[in-house]
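Right, one structure below, let's go through it.
Letters go in sequence order (proteins before strands), and every chain restarts at 1.
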Amino acid sequence: MRRRLKRSFYARPTLIATRDLLGKYLVRKIGGELRAGKIVETEAYIGPLDRASHAYGGKVTPRNRAEYLVGGHVYIYLVYGMYWQLNISTSRPGRPECVLLRALEPVSGDPRLANGPGKLCRWMKLDGSLYGEDVTRSSRVWVEDRGVRVNPKAIVAAPRIGIDYAGPTWARKRWRFYLRGNPAVSKS
DNA sequence: GTACAGATTGAG
DNA sequence: TCAATCTGTACT
């Protein structure tokens, strides 16, 4: 069973979609090859209230405008001058909310190939050329339900990574979700 | 125009 | 512990 996730999956409250992405498969077409990995770690960003969000305060910039699209669009950007970060927009049009995909467990091969958001994009060959892509229609990148059942008790909710600048109120929120014990979850 | 820091990573 | 590397953003 391989079913591409539809608009209705993403156009939901962000925390629900963020959790439900665990166990789904990110699929990327690279030339003639299909590369896939199970999503094992995600984070939610919920602007404009979320101080850690690029859309905090309702800010709109050339970089973050894809966050405002209806759920299912790619928001991808470069951090630290060298690492791409793959996000998928969530919720309704006009709401700057998204899910950051932080780690994948490759279908085959070394589980450390995509155990972090920067490495995930490197392995999947994702960059700015995917900006704004609609993953419910794209032939370049999408997400599939392959019938994997995730035990809710195996899902850990933890504070998000690398956003201490947002202050304790937002840094403490347990909006990072991962599969307990999975070898592909990022280190920090 | 200039300064500065970041949703990271891997080496030392 | 720290540098790599560069764009968005704020401020002069």
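- Side-chain atoms of A:His73 and A:Tyr10 form no donor-acceptor pair, as typed in the model, at a separation below 3.5 Å.
- Residues A:Leu22 and A:Tyr25 do not share a hydrophobic cluster, defined by chaining ILVMFWY side chains whose heavy atoms lie under 4.5 Å apart.
- When only modelled atom types and interatomic distance are considered, A:Tyr45 and A:Glu43 share a side-chain donor-acceptor pair under 3.5 Å.
- Looking at heavy-atom distances under 4.0 Å, A:Glu43 makes no contact with the nucleic acid at all.
- One interatomic measurement links the two molecules: CZ of A:Arg176 to C1' of B:dA7, which rounds to 12 Å at whole-angstrom precision.
- Dashed line: the shortest gap from a side-chain N or O of A:Lys187 to OP1 or OP2 of B:dT8 is not under 4.0 Å.
- Protein chain A touches strand DNA chain C; the 5'-most and 3'-most nucleotides with an atom under 4.0 angstrom of its non-hydrogen atoms are C:dA4 to C:dT9.
- Residue A:Arg122 has no polar side-chain atom (N or O) positioned under 4.0 Å from OP1 or OP2 of B:dT9.
- A:Glu97 pairs in a side chain to side chain donor-acceptor pair (under 3.5 Å) with only one of the listed residues (A:Asn87, A:Thr14, A:Thr18), which is A:Thr14.
- For the pair A:Ile88 CD1 and B:dA7 P, the interatomic distance rounds to 19 Å; values are reported in whole Å.
- In this structure, the CG atom of A:Leu113 is 17 Å from the C1' atom of B:dT8, given to the nearest Å.
- Remark: the separation of the C1' atoms in B:dG10 and C:dT7 is 22 Å, to the nearest Å.
- Look at CG on A:Asn87: it is 14 Å from C1' on B:dT8, rounded to the nearest Å.
- Using a 4.0 Å cut-off between charged nitrogen and carboxylate oxygen, A:Arg12 and A:Asp20 count as a salt-bridge pair.
- The P atoms of B:dT2 and C:dT5 are separated by 22 Å, rounded to the nearest whole Å.
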Polar-atom pairs under 3.5 Å, protein N or O versus N or O of nucleotides 1-6 of chain B: list them with distances, or write none.
none

